[in-house]
Protein chains: 2
Amino acid sequence: MARAATTTDAFNAVAEPRRREILDALAGGELAVGDLTELLGLAQPQVSKHLRVLREVGLVDVRDDGRRRLYRVNAAPLRAVHAWVGQYERLWNERFDLIDGVLDELAGTDEPRSTEPGSTETGRGD
Amino acid sequence: MARAATTTDAFNAVAEPRRREILDALAGGELAVGDLTELLGLAQPQVSKHLRVLREVGLVDVRDDGRRRLYRVNAAPLRAVHAWVGQYERLWNERFDLIDGVLDELAGTDEPRSTEPGSTETGRGD
DNA sequence: CAAACATATTCTCATATCGGAATGTGTCAA
DNA sequence: TTGACACATTCCGATATGAGAATATGTTTG
């Protein structure tokens, strides 16, 4: 087996820098392919190809407007990415939780000493 | 040019599901390679190879312990991922902003009707 | 209809992946 | 020292990428 297809999920689709740039550009609002090629300084075919990937993963929607196609962001698939990465927020905010976990295990504590359940924020500004 | 190397950055490294699983497993605390192969049901070489990638990107640190090597998560590189994805939070929380933007443009409104600047949260639970 | 314009698709090529199998390196024990 | 154990690296093969160039599809205008 080879590397997973870029169209497998948002994780793979977004791993490509150009695709992130495209999404960033579209974050401001709908844009046509031509606008993107100019903004990113890429060749038109490459832009179309990247857009195809983004579309297959559901990260962008298209709309026909005369002879051009207007693309817009659909951030929904990014939620999964955000959710997964978010779990590590406390790990980079505080090295302590990690140690706490280990200590809890060693101590045989039943209650994992939850750190403010329900709130993703740690309170520490980072 | 081909696809970017998996060791290019956290984005690429984390696009691989197995690597995410490894990080998830390590989130609980240090683990040896053997522990990981058992937990994930993978062959030892594959685990080592994935760990290599994660290490090159700085997502894990290693520590020698006798004849085994203990790996631990270093979430720092994930901050960039989180930061980028986080920019799209409002876009998936409310489809409204997007539409608002379009409406504003059509109406020629000067003030973009900002949605609670300073707060990333939209108030809407989703 | 033909020409111009906007996008999409196809083809080629160099590259890197991931898994599997085999092998290499280093450490502990008898 | 030899053997067992833990892990890392290398070689293989199938696959898919991303850029570039060329071409196809589709829409508007004259």
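Chain identifiers are assigned alphabetically (A, B, ...) following the order of the sequence lines, protein sequences preceding nucleic acid strands; residue numbering begins at 1 within each chain.
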Rounded to whole angstrom units, what separation is found between the [atom1] atom of [X] and the [atom2] atom of [N]?
X       : N      : atom1 : atom2 : answer
A:Leu70 : D:dT27 : CG    : C1'   : 14 Å
B:Lys49 : C:dT23 : NZ    : C1'   : 12 Å
B:Glu30 : D:dA6  : CD    : P     : 17 Å
A:His50 : D:dG18 : NE2   : P     : 6 Å
B:Arg18 : C:dT17 : CZ    : P     : 17 Å
B:Arg3  : D:dG20 : CZ    : C1'   : 19 Å
A:Leu42 : C:dA6  : CG    : P     : 18 Å
B:Asp65 : D:dA8  : CG    : C1'   : 17 Å

- Message: Determine whether a donor-acceptor pair (N or O, by modelled atom type, separation under 3.5 Å) exists between the side chain of B:Tyr88 and the backbone of A:Ala27.
- Response: no
- Counting distance only, does the side-chain N/O of B:Asp65 pair as donor-acceptor with the main-chain N or O of B:Arg68 below 3.5 Å? no
- Task: Assess whether atom CD of A:Glu56 is packed by more than 12 heavy atoms of other residues, nucleotides or ligands within 6.0 Å.
- Result: yes
What nucleotide, of [options], holds the atom closest to the side chain of [X]?
X       : options                : answer
A:Arg67 : D:dC7, C:dT17, D:dT29  : D:dT29
B:Pro45 : D:dG18, C:dA21, D:dA21 : C:dA21
B:Ala5  : D:dC7, C:dA21, C:dA16  : C:dA16

- Message: Please compare A:Arg68 and A:Val53 by the position of their nearest nucleotide in DNA chain D and report the one closer to 5'.
- Response: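 The residue mapped nearer the 5' terminus is A:Val53.
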Does [X] reach the side chain of [Y], with side-chain heavy atoms less than 4.5 Å apart?
X       : Y       : answer
B:Asn12 : A:Phe11 : no
B:Val14 : B:Val81 : no
A:Val60 : A:Leu23 : yes

- Nearest-nucleotide wise, let me know which of B:Thr6 and A:Gln46 is further upstream toward the 5' end of DNA chain C.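 Looking at the nearest nucleotide for each, A:Gln46 comes out on the 5' side.
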- Below 3.5 Å, does any donor atom in the side chain of A:Gln44 face an acceptor in the base of C:dA6, or the other way round? no
- Task: Give B:Arg55 one of three labels, base, sugar-phosphate or nothing, depending on what nucleic acid heavy atoms sit under 4.0 Å from its own.
- Result: nothing
- Message: Any base atoms under 4.0 Å from A:Ala4, or only sugar-phosphate, or nothing? Heavy atoms, all strands.
- Response: nothing
- End axis versus end axis in the helix from C:dC1-D:dG30 to C:dA30-D:dT1, the angle rounded to 10°, five pairs used at each terminus: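 That helix gives 10° between its end axes.
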- Message: Does B:Arg63 qualify as a cation-pi partner of B:Tyr71, given the criterion of NZ or CZ under 6.0 Å from the six-membered ring centre and within 45 degrees of its axis?
- Response: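 Judged by the rule, B:Arg63 and B:Tyr71 form no cation-pi pair.
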If the cut-off is 4.0 Å, is [X] near the phosphate of [N], judged by side-chain N/O to OP1 or OP2?
X       : N     : answer
B:Arg69 : D:dA8 : yes
A:Arg52 : C:dT9 : yes
A:Tyr71 : C:dA8 : yes

- Message: I need the single residue from A:Lys49, A:Arg19, A:Arg20 that forms a side chain to side chain contact (heavy atoms under 4.5 Å, CB included) with A:Leu54. Which is it?
- Response: A:Arg19
